[in-house]
Trainee: 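I'd like to ask some things about the structure below.
Please read these numbers as outputs of a predicted model, since none were measured by experiment. Lettering of chains follows the sequences in order, A, B, ..., and the numbering in each one begins at 1.
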Amino acid sequence: MNETESKRPEKYDLPKAYEFNEVEQRWYTHWLEEKTFSAQMEEGKDSFSIVIPPPNVTGVLHIGHALNNTLQDLLVRYHRMKGDNTLWVPGTDHAGIATQNVVERQLASEKLTRHDLGREKFIERVWSWREEKGGTIINQLKRMGASCDWDRERFTMDEGLSKAVREVFVRLYKEGLIYKGDYIVNWCPRCHTALADDEVEHDPTDGKLYHIRYPYADGSGYVVVATTRPETMLGDTAVAVHPEDERYQHLKEIGINLPLTERTIPVVFDHHVQREFGTGALKVTPAHDRDDYEIGLRHDLPRLKVMDDKGVMNAEAGKYAGLDRFVCRKQIVKDLEEQGFLDKIEDYQHAVGKCYRCATVVEPTTSKQWFVSVRPLADKAVAAVQEGRVNLYPNTWYRTFYSWMENIRDWCISRQIWWGHRIPAWTCASCGEVIVEVDDPATCPKCGASELTQETDVLDTWFSSALWPFSTLGWPDQTKELATFYPTSVLITSFDILFFWVARMMMMGLHFMDEVPFHDVYLHALVRDKHGKKMSKSTGNVIDPLVMIEQYGTDAFRFTLTAFAAQGREIRMDEERVDGYRRFINKLWNAARFAQMHLKDVEPSIVELAKEPAKLGLAHRWILSRINATIKDVRAALDGYNFNEVASASYQFVWHEFCDWYLEWIKADLFSDDATARDQAKAVLLTVLEQVLKLMHPITPFVTEEIWSQLPGTRSTIMLEAFPEENAAWNDAEAEESMNLLMGVISGLRTIRTEAEVHPSAKIEAMLICPDQAKRNLLTEFAGGVQAMVRASNFSIVAEGTVPDDAGHALVQDVELVVPLKGLIDVEGELEKLAREKGKLDKELARIVGKLGNEKFINNAPAEVVAKERDKEAEIRARLGKNAESTERLSKLRC
RNA sequence: GGGCGAAUAGCUCAGCUGGGAGAGCAUCGGCCUUACAAGCCGAGGGUCACAGGUUCGAGCCCUGUUUCGCCCACCA
């Protein structure tokens, strides 16, 4: 026995309850040691690859990650078992602003700022933070059972990826698709950086709308303008009105005296202005408002910045210089009021832009920023989706995707922080030449001077994540990994980053690889609490994946997430469901425990018996047919990303077919004296259990691996077993039909027992009246089994007979179940029930008779549908007949 | 304002191209029946939001209405 084998658990008697903690840790360690997650790149095999949506390196696992990674692992394990070359690339994102904030907070506790350290030392500090704490989320993913190829773990700031980032930046720059421009950006005065439009969150906020009188320069009157940010008036360089607004035509030559300043500003005429809003006059602050910026461009207005990058009023603000913007606002309002310029103040609710990282109110302001011209890149992405080279699941996202791509604006990629990929651009001190190169230049190529200063800005974090599908595979080098695994198979992510990330990966992948980055995109729902509320710490409704794992086990938690993952927009997470699936895992465990008791001494080769189903007993043929149908369903659901169906098909089969019926049914065989019966039962039991374990392994890797290791024979990991395939030889419609009758009879007899309140241990007598010869033979053949399942003695099966007055009675198909029950019948209750049944049947019959009497139905509906309706009619009539008989019989007992 | 989604059992939700309304939980009744009381056996419960339309046939397709949710753009 070699070392790895000795580490595997010895065979042992399974305990009554599944102890997930120990099992999970033991197997995960084993898988890591054996490197069973490592990607293979064998010739001639299909490839299946996924790149993980890299979580923020500062992140801790939340339920969204848990869902996301469970679904990925499900597919990865499925394809690995199918024998594909399978790769799941893990990694983390450097998350520029978030990470910088974390480290800055750390510094603050030492009463330091990043400026005390300086750029270089600060970045060193971030790296050492990453060394120390950056592995948190990775370890948490491992607890989830993620089967990533960990040797290939990447980080968006690591050497290879940084190289890719530079390469992309330089190429785009040289193609003219990156430019530097003066532009109005969303500025976060706290983070000191520009934010992309989609990094700004708009919250409805209660504020004030200030109406200010702007006097005409000739003193002949005034116009009232309104603003929510009065401090920006110091930067006003015009008042705009609609070109056709009669009220203001005369102001063309006059101008406005801007209150609180010495300046006179022009009136401009612009279509953007809504005549109906307020007075129809708009103050224009090109340096501090996006729309005003556009107006300023159209009318060539000066852009007067009155605030610095900390949100403090600057020298242009005159006597307000040095005041914080909100302090200044108060002061301005006060001064306006004192000087009679304030018309009125109204309460006003409006959307205020806030930084998505720190919730500071964003200030629109102009500055020099770097941009990507996205139009040509976006067009390629749209085309790829239109041509079906990328498929979106669920397909409701196409429309949204297209409309967003149509309206896309240039992407501001520079950020004024320190942590990130520094922009590879240098300016020559002597000639002003801008140099953009992959390798740091030593001298200016134009004038030869050696004094070059590098751009201080870093790139938006999404810039590097946009390259993730190919940068992680070695690009710009032409690696075997790229050849094998690019394009990746599917991207699984949350829909809230469809545009932040997914669209940009498509643009970059198409541009640099000339190929889509993934064939399919599966956008899963957002996880909310059970009432549909967003989970948040302040609401206190957060469900922590790690707590779930501790309490219910990873497999139960994974199963829950899978069961919830229907193709929709939201998932309402209910902890009770996790507990329910924990019971299910335990049920599986106990089924295995039962199997183990009977399979202890068998040879694994006994399963050969199951390969010739024709020779097997009915229940065996039935369960093989059922597992086969389940295999078909599960595979189809996996291939179509219908994850909830993967879970429900497995659940239904294991609990309600395999455990409830099959295991009960074969107990007689397993305890029988007949060796053939015993062997058949053992063979099929082992066969089906093996199939079940393999089928469920992708969802519940731990428990399936543990049970697998305890089955007869020497077994290596289930992870690399072949995933179950449909076996036509197992299909058996006849066995299913027969079993349906037998199960129906058993259920019917049980119902009679229960309703008559016969004690479960008491035996009943039963007579089955069955006019059909074949069914009679079937019932006779399995009479022993049926008797055992319903605890009956004196079991008779007859072609015809009369029902005694005081008997329990039921009808299953065309078989009448009769149980003599002297004095045990609840006559009134039964009559009520019969009446209710009659009501339903009458209604149904009327519907069907109407349908069948309709010529159009007969002519238009498919023949099989018509035939079905006819059968139904006959059945209902038969039932009504029996219903009438029973009613008559019971009515007699009444008196 | 534009777009999207949801409305099905008491609760949470499935129901994929139109052809007999389902699950889990909860509720009620009964059981330690030799894998599992973390279990077993059984029962009750729905005008599929509303109103029209298409169709032989609608939970499903079309139109409108109501309620709720989300996203985008925001009128200063």
Trainee: Can you confirm if the aromatic rings of A:Phe401 and A:Trp397 lie within a centre distance of less than 6.0 Å?
Mentor: no
Trainee: Does a side-chain N or O from A:Arg583 land closer than 4.0 Å to OP1 or OP2 of B:rC36, or not?
Mentor: no
Trainee: Which dot-bracket string fits RNA chain B when only Watson-Crick or G-U wobble pairs with both atom distances under 3.5 Å count, crossing pairs get [ ], and | stands for a partner on a different strand?
Mentor: (((((((..((((.....[..)))).(((((.......))))).....(((((..]....))))))))))))....
Trainee: Nearest of B:rC36, B:rC40, B:rC4 to any side-chain atom of A:Asp660?
Mentor: B:rC40
Trainee: Name the closest nucleotide to the A:Asp291 side chain, picking from B:rC75, B:rC56, B:rA14.
Mentor: B:rC75
Trainee: Looking only at N and O atoms, is any donor in the side chain of A:Glu645 or the base of B:rA23 less than 3.5 Å from an acceptor on the other one?
Mentor: no
Trainee: Select one nucleotide: of B:rC16, B:rG42, B:rA76, the one nearest the side-chain heavy atoms of A:Arg750.
Mentor: B:rG42
Trainee: Hey, does the side chain of A:Arg558 reach the backbone of A:Ile699 with a donor-acceptor pair shorter than 3.5 angstrom?
Mentor: yes
Trainee: Donor-acceptor pair, distance only, cut-off 3.5 Å: does the side chain of A:Asp343 make one with the backbone of A:Arg213?
Mentor: no
Trainee: Hey, which sits more toward the 5' end of RNA chain B by its nearest nucleotide, A:Met597 or A:Arg836?
Mentor: A:Met597
Trainee: Please state whether the base of B:rC36 and the side chain of A:Lys16 form at least one donor-acceptor pair under 3.5 Å?
Mentor: no
Trainee: Would one find a side-chain N or O of A:Ser747 under 4.0 angstrom from OP1 or OP2 of B:rG42?
Mentor: yes
Trainee: Closest to the A:Arg847 side chain: B:rG19, B:rC56, B:rG20?
Mentor: B:rG20
Trainee: OP1 or OP2 of B:rA35 less than 4.0 angstrom from a side-chain nitrogen or oxygen of A:Asn590, does that happen here?
Mentor: no
Trainee: From the set B:rC31, B:rC25, B:rA76, return the single nucleotide nearest to any side-chain atom of A:Glu576.
Mentor: B:rC25
Trainee: Hey, is the side chain of A:Lys667 poking within less than 4.0 Å of OP1 or OP2 on B:rA35, counting only N and O atoms?
Mentor: yes
Trainee: Does A:Ser648 have a side-chain nitrogen or oxygen under 4.0 Å from the phosphate oxygens OP1 or OP2 of B:rG24?
Mentor: no
Trainee: Taking side chain to side chain donor-acceptor pair (under 3.5 Å) as the criterion, tell me which of A:Asp236, A:Thr227, A:Asp291 meets it with A:Thr285.
Mentor: A:Asp236
Trainee: Give the rounded distance in Å between these two atoms: CZ of A:Phe594 and P of B:rA35.
Mentor: 6 Å
Trainee: Using a heavy-atom cut-off of 4.0 Å across all strands, would you classify A:Thr228 as base, sugar-phosphate, or nothing?
Mentor: sugar-phosphate
Trainee: Hey, what's the ring geometry for A:Phe653 with A:Phe658, parallel, tilted or perpendicular (30° and 60° as the breaks)?
Mentor: parallel
Trainee: Classify the ring geometry of A:Trp404 against A:Phe499: parallel below 30°, tilted from 30° to 60°, perpendicular beyond 60°.
Mentor: parallel
Trainee: Charged N to carboxylate O below 4.0 Å: is that the case for A:Glu844 and A:Arg847?
Mentor: yes
Trainee: For a quick check of understanding: with a heavy-atom distance under 4.0 Å over all strands, which category does A:Asn854 fall into, base, sugar-phosphate or nothing?
Mentor: sugar-phosphate
Trainee: Under 4.0 Å between a side-chain N or O of A:His288 and OP1 or OP2 of B:rA76?
Mentor: no
Trainee: Do A:Tyr398 side-chain atoms and A:Leu392 backbone N/O form a donor-acceptor pair below 3.5 Å?
Mentor: yes
Trainee: Would one find a side-chain N or O of A:Arg399 under 4.0 angstrom from OP1 or OP2 of B:rC4?
Mentor: yes
Trainee: Taking the six-membered ring of A:Phe594 as reference, does the cationic atom of A:Lys667 (NZ for Lys, CZ for Arg) lie under 6.0 Å from its centre and within 45° of its axis?
Mentor: yes
Trainee: Heavy atoms only, 4.0 Å cut-off, all strands: where does A:His656 land among base, sugar-phosphate and nothing?
Mentor: sugar-phosphate
Trainee: In terms of side-chain heavy atoms of A:Phe564, which of B:rA35, B:rU12, B:rA14 is nearest?
Mentor: B:rU12
Trainee: For A:Thr396, which contact category applies under a 4.0 Å heavy-atom criterion: base, sugar-phosphate, or nothing?
Mentor: sugar-phosphate
Trainee: Say you pick atom C1' in B:rU27 and the same atom in B:rC71; how far apart are they, in whole Å?
Mentor: 40 Å
Trainee: I want to verify a distance call: between B:rG20, B:rG42, B:rA76, whose nearest atom is closest to the A:Glu844 side chain?
Mentor: B:rG20
Trainee: Tell me which nucleotide among B:rG29, B:rA43, B:rG20 gets nearest to the side chain of A:Lys872.
Mentor: B:rG20
Trainee: So, is A:Arg572 near the phosphate of B:rC13, with a side-chain N or O under 4.0 Å from OP1 or OP2?
Mentor: yes
Trainee: Is there a side-chain polar atom (N or O) of A:Lys587 under 4.0 Å from OP1 or OP2 of B:rC40?
Mentor: yes
Trainee: Among B:rA14, B:rG69, B:rG20, which nucleotide has an atom closest to any side-chain atom of A:Ala566?
Mentor: B:rA14
Trainee: Does a side-chain N or O from A:Trp655 land closer than 4.0 Å to OP1 or OP2 of B:rC40, or not?
Mentor: yes
Trainee: When the P atoms of B:rU47 and B:rA21 are considered, how many whole Å apart are they?
Mentor: 14 Å
Trainee: Among B:rG24, B:rA14, B:rA38, which nucleotide has an atom closest to any side-chain atom of A:Asn586?
Mentor: B:rA38
